[in-house]
Amino acid sequence: MRLSKFFMPMLRETPAEAQIVSHRLMLRAGMVRQAAAGIYSWLPLGFRVLQKIAQIVREEQDRSGAQEVLMPTIQSADLWRASNRYDDYGKEMLRIKDRHDRDMLYGPTNEELITDIFRNSVKSYRDLPRNLYHIQWKFRDEVRPRFGVMRGREFLMKDNYSFDLDTAGARHSYNKMFIAYLRTFARMGLKAIPMRAETGPIGGDLSHEFIILADTGESAVYCDRGWLETNVLAGDTDYEQDLNPAVAEWTKLYAATDNQHDPEACTLPSDRLHSGRGIEVGHIFNFGTKYSKPMNCAVVGPKGEQIFVEMGSYGIGVSRLAGAIIEASHDEAGIIWPDSVAPFDVGLINLRSGDAKCDAAADDFYRKLIAAGKSVLHDDRTESAGSKFITMDLIGLPWQLIVGPRGLAAGRVELKRRKTGAREELSIDQALNKLTA
RNA sequence: CGGAGUGUAGCUCAGCCUGGUAGAGCACUGCGUUCGGGUCGCAGGGGUCGAAGGUUCGAAUCCUUUCACUCCGACCA
């Protein structure tokens, strides 16, 4: 993509409405624009990031055996009346009437709808377990949206729902998601700590929030200092094996959200206790038969008996992650994208657009990098060199390939790693090899 | 939902107190200049001052109403 043709409206100054760093940088880099309070349009640069994040989530869900569906944003109120949540949800739910004066709503979540789909289609224990997910926009009419896309009213969320025959099966489904979440966040370059969270109606320990430590986080969290040095990374996993040992390993160090942390009961020595703030990027939850019973979602068991399905739900804030990743990875100059979610792999800077040699060299690089499967943003504008450097640092692409007349005269180009700031002078072939290795 | 603010050019803001022909910087357009970390100069274009009422000879400015947005708190992926 040529930057001269790319729709990326940057701002030199920070709009007054943006308070936290991720919001400021997303606006300045032209990733998003606010449409209304807590509602955002995603411009090309931001949308590419959103899709990268969603794709990682998708791949890890698929790997765990979950299957992708797509449910609508608009739902009928009837189902929500059946579960009694139509009234319980209160003003957070955006209620709409259609032309026939029927009560509709913009879905804040999908338990009712997925349960309805499931109960209408699955009748036998032989069809369990199942795990269905979708990545869809949700709306919760927050009293006070803030922090840009991190706390919007409309947000993109991956949510899925597991259906099992018994509690042991539900536990296994839960464990699968636990591991899948570790893998998902690790692939985005994030350290997301699984923290004990408020449990569902069946109690136990079957609820965890996945939290990124950040000073700008919206909730207070407490954890063993050991987490600060822990590399959260789950390797290849056989999802059919017993996952209890793996989950136990990842939960042995203390970690709890504010409402779960009891200073009286916490046995951790005070010098091992880290208290800070965190951003919730995922939440997994087992709720047993909370929806299957009132909505009569049951299958016939091997002895002909009725069995209410054991369910769990699991969420990842996809649009929130775009902001959270920036909170976790930036410097004074701008965003520092982890390679896996960067909107482009390489920022190619032609320092002297219009100069025949520079143009030819830059175009050649562009073609070869694209041919090697890399995505490239080519700054071919006739701006000053300094302006191009600052632009590239702001949007935070992992690699900057700098082509200028001075270097070219010596057959060299410069390669800069955004994350470390390290630059090296390389021959053209060396630079290509390094970027396509 | 309680409390506090802000709405003037695409962005950051001044002007309002004390009413009298709408401003600056950045951005944008043209020309020249410069060219390896936001070059410099000259000349331009762009705003029914959030909206509606009112007071006044005259309202961005004073009064009333209303809408939007932001911040603090309580609540949430």
Side-chain angles (χ1 to χ4, degrees), chain A residues 9-20 23-24 27-28 30 33-39 57 89-93 107-111 135-160 181 192 197-198 207-212 217-219 257-259 278-285 313-324 332-334 349-355 358 379 381-394 400 402-410 412-414 416 421 423 425:
Chain A
M10 290 179 296
L11 301 172
R12 178 177 281 203
E13 287 172 277
T14 302
E17 76 221 37
Q19 296 299 312
I20 62 167
H23 192 193
R24 289 201 292 257
L27 290 170
R28 286 194 53 210
R33 284 294 181 264
Q34 180 165 311
I39 302 177
V57 171
Y89 227 94
K91 288 188 157 185
E92 298 242 312
M93 179 183 281
T109 178
N110 287 64
E111 278 85 2
I135 299 173
Q136 177 64 291
W137 293 93
K138 308 288 191 295
F139 195 96
R140 293 182 193 172
D141 200 357
E142 301 279 348
V143 189
R144 192 185 158 205
R146 63 185 121 170
F147 304 147
V149 299
M150 296 225 297
R151 178 78 184 279
R153 292 193 292 173
E154 188 184 52
F155 56 97
L156 187 61
M157 178 170 146
K158 185 282 301 176
D159 46 321
N160 54 328
Y181 275 33
E198 208 164 344
S207 180
H208 286 89
E209 290 183 13
F210 288 75
I211 302 274
I212 296 168
E218 51 192 326
S219 43
T257 57
D258 194 24
N259 58 17
I279 302 166
E280 180 186 351
V281 290
H283 195 167
I284 59 177
F285 211 92
S313 75
Y314 316 88
I316 290 180
V318 174
S319 50
R320 165 178 288 189
L321 273 165
E332 309 73 40
I349 299 179
N350 180 350
L351 283 180
R352 191 77 62 83
S353 278
D355 176 273
C358 287
D379 191 347
R381 300 170 304 162
T382 54
E383 296 281 313
S384 73
S387 163
K388 294 184 181 184
F389 289 131
I390 281 170
T391 296
M392 211 50 92
D393 282 349
L394 172 64
Q400 297 176 12
I402 299 153
V403 177
R406 215 164 69 193
L408 276 187
R412 321 226 95 193
V413 293
E414 188 174 296
K416 174 177 162 180
R423 311 179 212 187
E425 294 250 323

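Chain letters run A, B, ... following the sequence lines, proteins first, then strands; residues in each count from 1. Just so you know, these numbers come straight off a predicted model, no measurement behind them. Both backbone and side-chain heavy atoms feed into the values below; hydrogens, waters and symmetry mates do not.
- Of the candidates rG37(B), rA77(B), rC13(B), the closest approach to any side-chain atom of Ile390(A) belongs to rG37(B).
- Rounded to a whole Å, the OH atom of Tyr89(A) is 8 Å from the P atom of rA77(B).
- With rA77(B), rG36(B), rC71(B) as the candidates, the nucleotide lying closest to the side chain of Ile402(A) is rG36(B).
- Note on Gly404(A): a base of the nucleic acid sits closer than 4.0 angstrom, heavy atoms only.
- From Glu209(A), atom CD reaches atom CD1 of Ile212(A) across 12.5 Å, with rounding to the nearest 0.5 Å.
- Nucleotides rA24(B) and rG45(B), compared at atom P, are 12 Å apart to the nearest Å.
- Residue contacts shown for Gly152(A) include a base, since a base heavy atom lies under 4.0 Å away.
- Counting only heavy atoms from C-beta on, Ala16(A) has its side chain closest to rC13(B) among rC13(B), rG36(B), rC11(B).
- Taking every side-chain heavy atom of Asp393(A) into account, rG37(B) is the closest of rG37(B), rG36(B), rC11(B).
- Across the C1' atoms, rC49(B) and rA14(B) are found 13 Å apart, a figure rounded to whole Å.
- Taking atom CZ on Arg151(A) and atom C1' on rC71(B), their separation rounds to 14 Å, with Å as the unit.
- Among the atoms of the strands shown, none is found under 4.0 Å from any heavy atom of Gly282(A).
- For Gln19(A), taking side-chain heavy atoms from C-beta onward, the closest of the listed nucleotides rC11(B), rG36(B), rC71(B) is rC71(B).
- Looking at Glu218(A) and Arg151(A), a side-chain N of the basic residue comes within less than 4.0 Å of a carboxylate O on the acidic one, giving a salt bridge.
- Among the nucleotides rC76(B), rG36(B), rC69(B), the one closest to any side-chain atom of Ala36(A) is rC69(B).
- Partner assigned to rA68(B) is rU6(B), using Watson-Crick or G-U wobble distances below 3.5 angstrom.
- Lys416(A) comes within contact range of at least one nucleobase, with a heavy-atom separation under 4.0 Å.
- Here the C1' atom of nucleotide rC76(B) and the CZ atom of Phe155(A) are 9 Å apart, to the nearest Å.
- Between Lys91(A) and rC1(B) there is a side-chain N or O to OP1 or OP2 distance below 4.0 Å.
- In this structure, the CD1 atom of Ile39(A) is 13 Å from the C1' atom of rC69(B), given to the nearest Å.
- Side-chain atoms of Asn110(A) and Gln136(A) form no donor-acceptor pair, as typed in the model, at a separation below 3.5 Å.
- rG23(B): Watson-Crick or G-U partner is rC13(B), with both key distances under 3.5 Å.
- Between Glu425(A) and Arg412(A) no salt bridge is recorded (no basic side-chain N to carboxylate O distance below 4.0 Å).
- Comparing the P positions of rU29(B) and rG46(B) gives an interatomic distance of 15 Å, to the nearest angstrom.
- For His283(A) and Phe285(A), the ring centers sit closer than 6.0 Å to each other.
- Checked against rG36(B), rC11(B), rC13(B), the side chain of Phe389(A) finds its nearest nucleotide in rG36(B).
- In this structure, Phe139(A) and Arg153(A) have side chains that are in contact, with non-hydrogen atoms separated by less than 4.5 Å.
- Contact check on Asp393(A) versus Lys416(A) returns a salt bridge, with a Lys/Arg side-chain nitrogen under 4.0 Å from an Asp/Glu carboxylate oxygen.
- The interatomic distance linking Leu394(A) (CG) with rA27(B) (P) rounds to 15 Å, in whole Å.
- Judged by distance alone with a 3.5 Å cut-off, no donor-acceptor contact links the side chain of Arg144(A) to the base of rC1(B).
- The side chain of Glu142(A) sits closest to rC76(B) out of rC76(B), rU70(B), rG37(B).
- To the nearest angstrom, P of rC76(B) lies 13 Å from CZ of Arg320(A).
- Rounded to the nearest Å, the gap between the C1' atom of rU56(B) and that of rU61(B) is 13 Å.
- Residue Arg146(A) has its side chain nearest to rC72(B) when only rA77(B), rC72(B), rU70(B) are considered.
- Comparing rG38(B) with rG23(B), their C1' atoms are spaced 25 Å from each other, to the whole Å.
- When the C1' atom is used for both rA9(B) and rC28(B), the distance is 11 Å, rounded to whole Å.
- For the P atoms, the distance linking rU34(B) with rG25(B) amounts to 25 Å, nearest Å.
- In a base pair of the Watson-Crick type (N1 to N3 plus N6-O4 or O6-N4) or a G-U wobble (N1-O2 and O6-N3), with each distance short of 3.5 Å, rG47(B) is matched with no nucleotide.
- Annotation: the span from Lys138(A) atom NZ to Ser319(A) atom OG amounts to 10.0 Å, rounded to 0.5 Å.
- Spacing between rU21(B) and rC17(B) at atom C1', rounded to whole Å, works out to 22 Å.
- The residue among Glu414(A) and Thr14(A) whose nearest nucleotide of RNA chain B is located toward the 5' end is Thr14(A).
- Atom CZ of Phe147(A) is separated from atom C1' of rU70(B) by 12 Å (rounded to the nearest Å).
- Nucleotide rC42(B) forms a pair with rG30(B), judged by Watson-Crick or G-U wobble geometry with both contacts under 3.5 Å.
- Contact annotation: Ser384(A) side-chain N/O to rU39(B) OP1/OP2 distance is under 4.0 Å.
- Contact annotation: Gln34(A) side-chain N/O to rA68(B) OP1/OP2 distance is not under 4.0 Å.
- Along RNA chain B, the nucleotide nearest to Thr391(A) and the one nearest to Val149(A) differ in position, and the one closer to the 5' end is contacted by Thr391(A).
- Counting distance only, with no hydrogens placed and no angle test, the side-chain atoms of Arg28(A) and the base atoms of rG38(B) include a donor-acceptor pair under 3.5 Å.
- Residues Arg320(A) and Val149(A) fail the side-chain proximity criterion, which asks for heavy atoms closer than 4.5 Å.
- In a base pair of the Watson-Crick type (N1 to N3 plus N6-O4 or O6-N4) or a G-U wobble (N1-O2 and O6-N3), with each distance short of 3.5 Å, rG73(B) is matched with rC1(B).
- Remark: P of rA77(B) and CG of Asp141(A) are 15 Å apart, rounded to the nearest angstrom.
- Considering only side-chain N and O atoms, Arg12(A) lies under 4.0 angstrom from the phosphate OP1 or OP2 of rA27(B).
- For rC76(B), its base never sits under 3.5 Å from the side chain of Arg153(A) at any donor and acceptor pair.
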